[in-house]
Amino acid sequence: MAIYFYSTSDIYGALSNFSPHGVEMGGQWWPTVEHYFQGQKFHDAEYREKIRIANNPKQAKSLGRSRKLPIRTDWEEVKDEIMYQACLKKFQTHKQVRDLLLLTENEELIENAPGDYYWGCGRTGTGQNKLGKILMRIREELQA
């Protein structure tokens with residue numbers, strides 16, 4: 001049986017990058033994994049800071065999607081590892097979300113993001129579900 005997650009108000013909402021479980025990365029506190037991930041797209045320190053202090057993860061995502069400033073040229077090569085590191089830190093930092101992840105045992109985790117065919121399963125369920133795969137990898141490492 002697969003476990004689908006997306007909205008932070010769902011039973012597995014804490015698995016979402018929008019959940020209010022901050023991470024310390026690079027000596028700075030980021031309010032959510034989404035804030036951190038979006039900030040890493042840019043070399044411009046001022047713009048990264050603008051994303052870091054965004055009011056909520058939705059605003060951080062919107063700023064991260066802007067192309068008023070160029071994103072880093074290696075983004076496609078590094079984004080999966082950046083996501084992995086930030087998610088790992090989240091589950092190492094917050095016991096309650098780590099426990100929730102471990103409670104999923106060996107179930108398949110699927111980010112039920114209708115508009116995202118890379119990180120989620122997309123509207124048709126044919127997406128790559130990269131975030132779900134990262135969370136299953138982290139779960140396996142935490143179980144070991």
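Contact annotation: the side chain of C87 approaches that of L135 to within less than 4.5 Å [non-hydrogen atoms, C-beta and beyond]. The shortest distance between side-chain heavy atoms of R67 and K41 falls below 4.5 Å. Side-chain contact check for D10 versus L15: every heavy-atom pair is 4.5 Å or farther apart. With a 4.5 Å cut-off on side-chain heavy atoms, V33 and S19 do not count as touching. When side chains are defined from C-beta on, C121 counts as touching N112, because their heavy atoms get closer than 4.5 Å. Between N106 and Q143 the shortest side-chain heavy-atom distance falls below 4.5 Å. The side-chain heavy atoms of L131 and M83, taken from C-beta on, include a pair separated by under 4.5 Å. No side-chain heavy atom of Y12 sits less than 4.5 Å from a side-chain heavy atom of E107.
A salt bridge links E141 with R137: at least one charged nitrogen is closer than 4.0 Å to a carboxylate oxygen.
Between the OG1 atom of T104 and the CG atom of D99 there is a distance of 11.5 Å, given to the nearest 0.5 Å. Here L63 contributes atom CG and Y47 contributes atom OH; the two are 4.5 Å apart, rounded to the nearest 0.5 Å. In this structure, I138 CD1 and Q85 CD are separated by 8.5 Å, a value rounded to the nearest 0.5 Å. Note that CG of D116 is 9.5 Å distant from CG of N129, once rounded to the nearest 0.5 Å. Atom CZ of R72 and atom CD1 of I82 lie 4.5 Å apart (nearest 0.5 Å). In this structure, the separation between CZ on R52 and CH2 on W29 is 11.0 Å, given to the nearest 0.5 Å.
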Practice task
Would you check, one step at a time, whether the test side-chain contact (heavy atoms from CB on, under 4.5 Å) holds for I110 with Y6?
Solution key: CA-CA 9 Å; I110 300 171; Y6 182 62; over 6 Å; no
Practice task
Go through S16 and T32 one step at a time and tell me if the side-chain contact (heavy atoms from CB on, under 4.5 Å) criterion holds.
Solution key: CA-CA 9 Å; S16 165; T32 67; over 6 Å; no
Practice task
Could you give me the CA-CA distance, side-chain angles and deciding distance for F91 and L142, then say whether side-chain contact (heavy atoms from CB on, under 4.5 Å) is met?
Solution key: CA-CA 9 Å; F91 292 100; L142 293 172; 4.1 Å; yes
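For D44 (side chain) and P70 (main-chain N/O), no donor-acceptor pair under 3.5 Å exists by modelled atom type. Without hydrogens or angle criteria, R98 side chain to Q92 main chain gives a donor-acceptor distance under 3.5 Å. For the pair R48 (side chain) and Q40 (backbone), a donor-acceptor distance under 3.5 Å is absent. A donor-acceptor distance shorter than 3.5 angstrom exists from the side chain of K133 to the backbone of Q128, with no hydrogens or angles considered. For the pair H35 (side chain) and Q59 (backbone), a donor-acceptor distance under 3.5 Å is absent.
Under a hydrophobic clustering in which Ile, Leu, Val, Met, Phe, Trp and Tyr are joined whenever their side-chain heavy atoms come within less than 4.5 Å, directly or via other members, I11 and F18 fall into different clusters. Note on I53 and F42: separate hydrophobic clusters, where clusters join Ile, Leu, Val, Met, Phe, Trp and Tyr whose side-chain heavy atoms are under 4.5 Å apart, directly or indirectly. L109 and Y4 fall into different hydrophobic clusters, where Ile, Leu, Val, Met, Phe, Trp and Tyr residues are linked whenever their side-chain heavy atoms come under 4.5 Å apart, directly or through other members. In the hydrophobic clustering of ILVMFWY residues, with side-chain heavy atoms under 4.5 Å counting as a link, Y117 and F37 come out apart.
The heavy-atom pair separating Q38 from K61 by the smallest distance is CG-CA, 3.6 Å.
Geometrically, K79 engages Y118 in a cation-pi contact, judged by NZ or CZ lying under 6.0 Å from the ring centre and within 45° of the ring axis.
Annotation: W119 is not in aromatic contact with Y84 [ring centroid separation under 6.0 Å not met].
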